[in-house]
Amino acid sequence: MEQALESVFDTVVARNPGEVEFHQAVREVFESMGPVIKRHPEFLEWKMLERICEPERQIIFRVPWTDDKGEVQVNRGFRVEFNSALGPYKGGLRFHPSVYLGVIKFLGFEQIFKNSLTGLPIGGAKGGSDFDPHGRSDGEVMRFCQSFMTELYRHLGEYTDVPAGDIGVGGREIGFLFGQYKRITNRYEAGVLTGKGLDWGGSLVRKEATGYGTVWFAEEMLRTRGDSFDGKTATVSGSGNVAIYAIEKAQELGAKVIGFSDSSGYVVDEAGVDLDLLKQVKEVERGRVKDYVERRSSARLGTSGNIWDVPAQVAIPSATQNELNGDDAETLIKNGVVCVAEGANMPTTPEGIEAFKKAGVLFGPAKAANAGGVATSALEMQQNASRDSWDFEYTEKRLKEIMVNIHELVAETAESYGMPGDYVAGANIAGFEKVANAMHAFGVV
Ligand code: NDP
């Protein structure tokens with residue numbers, strides 16, 4: 001990293017102690033910024049990097065609620081409104097026991113650049129809680145969501161801050177959150193949350209968007225080498241919202257997906273994933289991966305290592321941060337992987353990214369590859385604002401165009417900075433320049 005950038009980075013670490021995931025996300029962006037500050041030294045003079053690393057606002061709040069046994073539980077809620085240069089704050093809510101300020105800040109920071117790449121008018125934010133929905137009844141999840149929104153609502157608005165889902169927050173949670181927002185404010189403000197149900201302001205394709213978008217991004221990367229998904233083997237980590245629809249689209253494009261996972265383990269299914277069964281187990285029954293294996297004779301549970309030990313030509317990490325490390329990358333490379341597209345946020349460690357780069361593997365970073373989810377959220381906001389709803393084909397077409405455009409922008413930016421094929425640098429630079437220019441236009445803000 002350049003000396004000038006290193007010194008800003010040191011300040012960021014000192015000002016945000018212990019937030020290791022946030023430091024990792026900032027470092028990854030700064031490592032791409034050397035050529036940018038050479039071409040645009042004014043960004044340093046304007047203190048653009050210092051400004052962009054400091055959230056505009058951070059909200060931390062108590063979330064008290066009562067469980068089914070009548071016991072009071074206390075969780076912590078977060079919303080980091082990171083940057084509103086391009087539009088209202090936009091980014092998901094994560095409910096997972098690992099959530100703390102450092103996780104929300106890394107996600108919010110990444111979101112700024114991702115949202116910029118979509119070309120749509122949305123700023124960057126993220127929020128969530130250390131609440132764990134696993135094993136909780138619908139009533140408990142509802143009471144938690146109501147308590148969470150009872151504080152958060154005052155910070156939201158369709159022109160201010162528009163949350164969506166993320167890990168642990170799907171259609172059920174968005175329903176409880178929207179219901180409470182509507183009740184407190186006495187306003188049917190559909191555009192205040194995205195990922196809503198189709199009967200009450202949601203958008204077709206939102207559920208599928210992140211997974212489909214990631215696969216389309218990978219398809220574009222493969223196309224640059226005259227290649228495609230057709231006939232390829234693939235593994236997808238996770239089995240949540242992103243993973244399921246990445247599997248669906250990869251299969252549609254002719255790939256054979258032979259592995260997936262959750263936090264309890266991984267599955268190898270050499271016959272190819274039975275998607276209907278997977279949806280039944282995960283979306284309907286909220287079960288574990290072993291429930292899939294019990295009903296599918298061609299499938300087995302992995303007994304050692306992790307999903308990246310399963311040989312595949314395409315890998316789509318779609319579970320969580322830092323789930324694919326340097327050793328995993330070496331294993332994938334040894335087994336012939338040609339393309340990796342990040343469905344999850346920051347799933348690959350810096351060592352993993354370096355290994356893929358060295359081996360010449362096509363690598364699509366999350367900021368670009370998984371931007372389809374937030375892009376379709378922005379399309380949901382457009383539909384809400386015009387009190388309209390678009391059909392599946394039209395919405396899917398819009399999403400696909402957006403993903404193709406992101407690929408083109410990222411590839412061209414990398415090329416113009418002399419780093420052809422480096423999608424990490426291309427995404428960081430293209431995302432950053434637009435936000436920095438907007439911030440400069442607003443004066444010292
Ligand atoms: P879900 O909650 O629907 O699914 C998450 C999946 O990942 C589950 O299978 C879960 O297993 C697994 N998982 C979560 N944490 C861990 C862990 N620590 N170790 C192993 N497995 C884990 O979330 P999403 O699919 O929505 O999100 C997945 C990733 O995609 C996240 O990084 C998210 O930030 C990112 N993303 C999501 C978008 C969206 O539109 N939903 C948009 C852009 C990015 P288990 O159930 O056992 O915990």
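Computed from a predicted model, the values in this text were never measured in an experiment. Both counts, for ligands and for their atoms, begin at 1 and track the order of listing.
Residue Asp166 has at least one N or O atom closer than 3.5 Å to an N or O atom of ligand 1. The shortest N or O to N or O distance between Ser263 and ligand 1 is below 3.5 Å. For the pair His134 and ligand 1, the shortest N or O to N or O distance falls below 3.5 Å. Close N/O approach between Leu107 and ligand 1 is not found [any backbone or side-chain N/O within under 3.5 Å]. For the pair Ala243 and ligand 1, the shortest N or O to N or O distance does not fall below 3.5 Å. Inclusion of Asn241 in the set of residues having an N or O under 3.5 Å from an N or O of ligand 1 is warranted.
Side-chain contact of Glu285 with Gln280: a donor-acceptor pair under 3.5 Å is present, judged by distance alone.
Of the candidates Ala344, Gly372, Gly170, Ala344 brings a heavy atom nearest to atom 30 (O) of ligand 1. Considering Asn345, Thr376, Asn306, Val289 only, the shortest heavy-atom separation from atom 36 (N) of ligand 1 involves Asn345. With atom 28 (C) of ligand 1 as the reference point, the heavy atom nearest to it among Ser377, Ala369, Gly240, Ala319 is part of Ala319.
The closest donor-acceptor contact from the side chain of Ser237 to the backbone of Ser318 lies under 3.5 Å.
If you check which protein heavy atom lies closest to atom 23 (O) of ligand 1, you get Ile167 CA, 3.4 Å. Among protein heavy atoms, the minimum distance from atom 2 (O) of ligand 1 is reached at Gly168 N, 3.0 Å. Of the protein's non-hydrogen atoms, the one nearest atom 18 (N) of ligand 1 is Thr320 CG2, 3.6 Å. Atom 40 (O) of ligand 1 has its closest protein heavy atom at Thr210 OG1, 2.7 Å. For atom 25 (O) of ligand 1, the nearest non-hydrogen atom of the protein is Val242 N, 2.9 Å.
Within a 4.0 Å radius of atom 10 (C) of ligand 1, the protein contributes no heavy atom.
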Check step by step if side-chain contact (heavy atoms from CB on, under 4.5 Å) holds for Gln73 and Val63.
CA-CA 8 Å; Gln73 302 284 339; Val63 190; over 6 Å; no

His407/Met221 under side-chain contact (heavy atoms from CB on, under 4.5 Å): CA gap, chis, key distance, verdict
CA-CA 8 Å; His407 176 272; Met221 291 197 293; 3.9 Å; yes

How far apart are the C-alpha atoms of Val29 and Asn428, what are their side-chain angles, what is the distance that settles it, and do they pass the side-chain contact (heavy atoms from CB on, under 4.5 Å) test?
CA-CA 6 Å; Val29 170; Asn428 287 334; 3.7 Å; yes

Check the pair Val337 / Val314 against side-chain contact (heavy atoms from CB on, under 4.5 Å), numbers first and verdict last.
CA-CA 6 Å; Val337 79; Val314 179; 5.7 Å; no

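Of all atoms in ligand 1, listed by their number and element, those nearer than 4.0 Å to a heavy atom of Asp262 are 9 (O), 11 (O), 21 (N), 47 (O). Less than 4.0 angstrom separates some heavy atom of Gly343 from each of these atoms of ligand 1: 30 (O), 35 (C), 36 (N), 44 (C). In summary, the atoms of ligand 1 found under 4.0 Å from a heavy atom of Asn370, numbered by their order in the structure, are 43 (C), 44 (C). Within ligand 1, counting atoms from 1 as listed, the ones closer than 4.0 Å to a heavy atom of Ser239 are 9 (O). Listed by atom number, the atoms of ligand 1 under 4.0 Å from Arg288 heavy atoms are 45 (P), 46 (O), 47 (O).
Counting heavy atoms under 4.0 Å from ligand 1, residue His96 touches it through the side chain alone. At a heavy-atom cutoff of 4.0 Å, ligand 1 is contacted by no atom of Lys282, backbone or side chain. Looking at Ser318 against ligand 1, only its backbone comes within 4.0 Å, counting heavy atoms. The proximity of Arg206 to ligand 1, defined as any non-hydrogen pair under 4.0 Å, is limited to the side chain.
When all heavy atoms of Ser137 and Asp68 are compared, the closest pair comes out as OG-OD2, 2.7 Å.
Between Phe363 and Tyr423, a ring centre-to-centre spacing not shorter than 6.0 Å is recorded. Taking the six-membered ring wherever Trp is involved, the centroid distance between the rings of Phe148 and Phe176 does not fall below 6.0 Å. Annotation: Phe131 is in aromatic contact with Phe144 [ring centroid separation under 6.0 Å].
For NZ of Lys182, the number of neighbouring non-hydrogen atoms (other residues, nucleotides, ligands) closer than 6.0 Å is 12 at most. The neighbour count for Tyr159 OH, taken as heavy atoms of other residues, nucleotides or ligands under 6.0 Å away, does not exceed 12.
At least one heavy atom of Arg94 sits closer than 4.0 Å to an atom of ligand 1. Contact analysis leaves Gln321 out of contact with ligand 1, as no non-hydrogen atom separation drops below 4.0 angstrom.
In this structure, Lys249 forms a cation-pi arrangement with Tyr212, its terminal cationic atom sitting closer than 6.0 Å to the ring centre and no more than 45° off the ring axis. Figure legend: cation-pi geometry between Arg76 and Tyr100 absent, as NZ or CZ is not positioned both under 6.0 Å from the six-membered ring centre and within 45° of its axis.
Here Gln313 contributes atom CD and Leu222 contributes atom CG; the two are 10.0 Å apart, rounded to the nearest 0.5 Å.
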